[in-house]
Amino acid sequence: MTPICLVGIGKIATDQHVPAINASPDWDLAATVSRTGTIDGVQAFTDFDQMLAETDIPVISLCLPPVPRYAYAAKAIAAGRHVMLEKPPGATLAEVHALADMARAAGVTLFTTWHSRMAPGVAPAKAWLADKQVTGVQITWKEDVRRWHPGQDWVFAPAGMGVFDPGINALSIITEILPMPIHLQAAELLFPSNCDTPIAAQMRWTENVIAEFDWRQEGPQSWDITVQTDAGGISLHDGGSRLVIDGAPQDVGPEREYPALYDRMADLVKDGVSDVDIGPMIHVADAMALGQRVTGEAFYL
Ligand code: NAP
């Protein structure tokens with residue numbers, strides 16, 4: 001088993017990364033770095049530089065929010081470590097390009113993970129769509145930010161991405177499954193008067209692709225993508241864990257997004273290659289560049 005260090009022991013680290021690593025035959029959770037969080041039985045550092053100086057753990061998985069992540073990734077690569085990045089892989093596109101260049105020069109693996117692409121309906125949806133002519137796509141991604149991100153003020157701070165923090169999961173799926181390129185044509189972004197990031201967004205791309213994102217959805221939550229083609233239609237539900245083809249629910253197997261990410265990282269390190277994809281981030285950057293900004297009432301987590 002390969003030793004791995006987990007950095008940023010917050011919500012996603014404890015919900016998903018730790019169970020995935022512990023269940024994997026490939027990885028040994030050898031250390032954590034966090035100002036406050038620890039994992040029982042695992043060596044805990046509060047300082048990243050100290051961990052790099054005092055251990056030779058070859059793989060670092062960064063579960064921090066996007067803004068602080070770049071500096072950690074750059075230091076890890078400079079120290080010759082392989083790096084796995086939570087989504088989104090950076091606060092800006094340029095940061096990710098820079099990290100990719102550094103990883104290439106250092107000869108280490110960089111993996112920009114997109115967990116929703118590992119949802120069990122995604123690969124079969126991509127295979128089904130591969131030889132079809134897509135005529136329209138609708139994304140409906142509506143959830144309750146207070147339920148899923150309690151106390152996480154960084155989501156409304158600059159570069160926190162706002163509703164695109166979950167919305168980029170939908171974008172990671174469409175950039176994986178659609179058999180043709182698309183680019184954004186229009187967007188409307190709703191910014192609460194006290195926030196630096198949008199709480200809702202509507203987007204329209206070429207090829208008749210539209211999306212509605214909203215972080216104020218109470219009651220039932222919606223993580224749905226429907227695709228019409230010249231030969232029938234499909235829909236993905238619950239973030240890609242359920243797939244329906246021409247009205248017929250498909251058996252796509254169990255959800256194992258994070259175990260699949262760690263399987264992939266093991267393969268990348270073994271093969272000495274990187275997997276860097278900024279595709280989903282391009283659509284968020286385009287929305288910020290192109291979108292009409294509307295200011296709404298103040299919002300508090
Ligand atoms: P979080 O719990 O708010 O933060 C994760 C950890 O990052 C915190 O425990 C904190 O560690 C550390 N951290 C926060 N700000 C920092 C700073 N300025 N400098 C250094 N460390 C800092 O966030 P999360 O929900 O786990 O999300 C982290 C990433 O995972 C995000 O990019 C998010 O998009 C992604 N993600 C989240 C979810 C989810 O459901 N929450 C799902 C999938 C992906 P210490 O204070 O302990 O040092």
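Numbering of ligands and ligand atoms starts at 1, following listing order.
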Y258: heavy atom below 4.0 Å from ligand 1, yes or no?
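Yes, Y258 has a heavy atom closer than 4.0 Å to ligand 1.
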
Could you list which atoms of ligand 1 come closer than 4.0 Å to a heavy atom of P66?
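Going through ligand 1 atom by atom, the ones under 4.0 Å from P66 are 32 (O).
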
Numbering as shown, the atoms of ligand 1 that approach G37 to under 4.0 Å (heavy-atom distance):
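Listed by number with element, the hits are 47 (O).
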
Where does [X] meet ligand 1, judged by heavy-atom distances below 4.0 Å: at the side chain, the backbone, both, or neither?
X   : value
K11 : both
D15 : neither
P68 : side chain

In the protein, what heavy atom is nearest to [atom], and what distance, to one decimal place, separates them?
atom                    : answer
atom 1 (P) of ligand 1  : Q152 NE2, 3.5 Å
atom 21 (N) of ligand 1 : L64 CD2, 3.3 Å
atom 35 (C) of ligand 1 : K87 O, 3.5 Å
atom 8 (C) of ligand 1  : G10 CA, 4.0 Å
atom 27 (O) of ligand 1 : W154 CZ2, 3.8 Å
atom 11 (O) of ligand 1 : S34 OG, 3.9 Å

Which donor-acceptor pairs under 3.5 Å do the side chains of residues 50-59 make with protein atoms, sequence neighbours left out?
| unit_1 | atom_1 | unit_2 | atom_2 | d |
| --- | --- | --- | --- | --- |
| Q50 | NE2 | E54 | OE2 | 3.2 |
| T55 | OG1 | M51 | O | 3.0 |
| T55 | OG1 | I57 | N | 3.4 |

Could I get the full list of side chain to side chain donor-acceptor pair (under 3.5 Å) partners for Y258, not counting sequence neighbours?
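Checked Y258 against side chain to side chain donor-acceptor pair (under 3.5 Å); matches are E86.
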
Passing option when R216 is tested against V145, L190, D144, V163 for side chain to side chain contact (heavy atoms under 4.5 Å, CB included)
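Testing each of V145, L190, D144, V163 against R216, the sole residue satisfying side chain to side chain contact (heavy atoms under 4.5 Å, CB included) is L190.
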
Min N/O separation [X] to ligand 1 under 3.5 Å:
X    : answer
C63  : no
Y72  : no
H115 : no

Check whether more than 12 heavy atoms from other residues, nucleotides or ligands sit under 6.0 Å from atom CG of D131, and answer yes or no.
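It does: D131 CG has more than 12 such atoms within range.
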
Among [options], whose heavy atom sits nearest [atom]?
atom                    : options             : answer
atom 13 (N) of ligand 1 : H149, R35, Q16, R69 : R35
atom 33 (C) of ligand 1 : I12, D165, V67      : D165
atom 4 (O) of ligand 1  : P65, P89, G151      : P65

Test log, rule side-chain hydrogen bond (donor to acceptor under 3.5 Å, both in side chains), inputs Q228 and T135:
CA-CA 6 Å; Q228 298 83 41; T135 55; 5.0 Å; no

Flag the pair N169 / W223 as yes when at least one side-chain heavy-atom distance between them is below 4.5 Å, and no otherwise.
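No, too far: nothing below the 4.5 Å cut-off.
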
Under 4.5 Å between any side-chain heavy atoms of F164 and H283, yes or no?
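Not in contact.
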
Determine, for D263 against R256, whether the closest basic-nitrogen to carboxylate-oxygen distance falls under 4.0 angstrom.
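Yes, charged N to carboxylate O under 4.0 Å.
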
Ionic contact status for R104 with D101, cut-off 4.0 Å:
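Salt bridge between D101 and R104, a charged N being under 4.0 Å from a carboxylate O: yes.
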
Do the ring centers of H17 and Y262 come within less than 6.0 Å of each other?
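Centroid separation for H17 and Y262: below 6.0 Å.
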
For W141 and I225: C-alpha separation, side-chain torsions, deciding distance, then whether side-chain contact (heavy atoms from CB on, under 4.5 Å) applies.
CA-CA 8 Å; W141 225 253; I225 298 172; 3.8 Å; yes

